[in-house]
Amino acid sequence: PLFRSAALLLAKIYLQFPHDELTSFHVDSIPKNSEKGIAMMETAARVGNKEATVFTAKHYDRIGELDKALKWYQRARKSAEIDTGDSAGLSTADHDYELLARMAEIHMNRNEHQEAGDLYTEAAELALEAMKGKLANKYYCLAEEVWGNLED
């Protein structure tokens with residue numbers, strides 16, 4: 001746990017993210033430091049920090065490395081830190097149901113309809129548990145739409 005926290009703190013410092021510890025320690029905002037920050041974030045993700053795992057998944061998603069993104073989204077999904085929407089440190093876009101929906105979207109764009117439908121359904125169930133009825137309904141509709149493509 002200590003290494004996990006230290007790696008995350010260093011990543012936040014190098015990436016210029018807000019942090020509560022070592023507030024007087026600063027690094028210059030240069031590309032080399034951003035690269036160090038991303039590497040430290042991935043290190044924190046490898047040792048099980050969910051916030052770092054989500055960041056790493058989104059980083060690879062953002063730069064178009066979708067195979068790596070899916071791997072990290074999957075790790076976030078299996079993380080011991082289950083998030084139903086009340087987790088401090090994660091933004092509202094980082095709830096498990098939204099991560100599952102993004103994974104489903106990637107699979108849908110790859111014409112992997114069965115996997116996409118299953119992920120949308122799982123996202124809907126988690127959204128329902130989090131009392132997000134409209135969002136759950138949206139995910140159920142997307143699952144039905146994707147599964148409809150299986151029959152075509």
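Smallest separation of non-hydrogen atoms from A101 and A123: N-CB, 4.0 Å. What you find for A143 and G117 is that their closest heavy atoms are CB-O, 3.6 Å. Summarising the geometry of G37 relative to A11, their closest heavy-atom pair is O-CB, 3.5 Å, with the distance given to 0.1 Å. Across A76 and V54, no two heavy atoms sit closer than the pair CB-CG2, 4.0 Å. Of all heavy-atom pairs between L128 and G133, the closest is CD1-CA, 4.3 Å. For R102 against L66, the heavy-atom pair with the smallest separation is NH2-CD2, 4.1 Å.
Cluster membership check: L142 shares its hydrophobic cluster with M103, using side-chain heavy-atom separations under 4.5 Å among Ile, Leu, Val, Met, Phe, Trp and Tyr. Hydrophobic clustering (ILVMFWY, side-chain heavy atoms < 4.5 Å, transitive): W72 and I63 are in one cluster. Note: the hydrophobic cluster containing L135 also contains V146 (ILVMFWY, side chain heavy atoms under 4.5 Å, direct or indirect links).
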Under the side-chain contact (heavy atoms from CB on, under 4.5 Å) criterion, do D118 and W147 qualify, and how do the steps go?
CA-CA 9 Å; D118 292 344; W147 283 326; 3.4 Å; yes

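Here D96 does not pair with R77 in a salt bridge; the nearest charged N to carboxylate O distance is not below 4.0 Å. Between E35 and K32 there is no salt bridge, since no side-chain nitrogen of the basic residue lies less than 4.0 Å from a carboxylate oxygen of the acidic one.
Between R110 and L70 there is a side-chain heavy-atom pair separated by less than 4.5 Å. Proximity of R46 to R75: side-chain heavy atoms (C-beta onward) are separated by under 4.5 Å at one or more points.
Y97 has its ring centre no less than 6.0 Å from the ring centre of Y120.
Between the CG atom of N49 and the CG atom of L9 there is a distance of 11.0 Å, given to the nearest 0.5 Å. Interatomic distance, K132 NZ to N137 CG, rounded to the nearest 0.5 Å: 15.0 Å. Interatomic distance, CG of L126 versus CG of L99, reported as 10.0 Å (0.5 Å rounding). Once rounded to the nearest 0.5 Å, the distance linking CE of M41 with CG of L10 reads 10.5 Å. Once rounded to the nearest 0.5 Å, the distance linking OH of Y60 with NZ of K68 reads 4.5 Å. Distance NE2/H59 to CG/L15: 9.5 Å, rounded to 0.5 Å.
In this structure, a donor-acceptor pair under 3.5 Å is present between the side chains of D61 and Y73. With no hydrogens or angles considered, no side-chain donor-acceptor pair links Y139 and E98 at under 3.5 Å.
Under the side chain to side chain donor-acceptor pair (under 3.5 Å) test applied with H107, the options Q114, H113, E112 reduce to a single match, E112.
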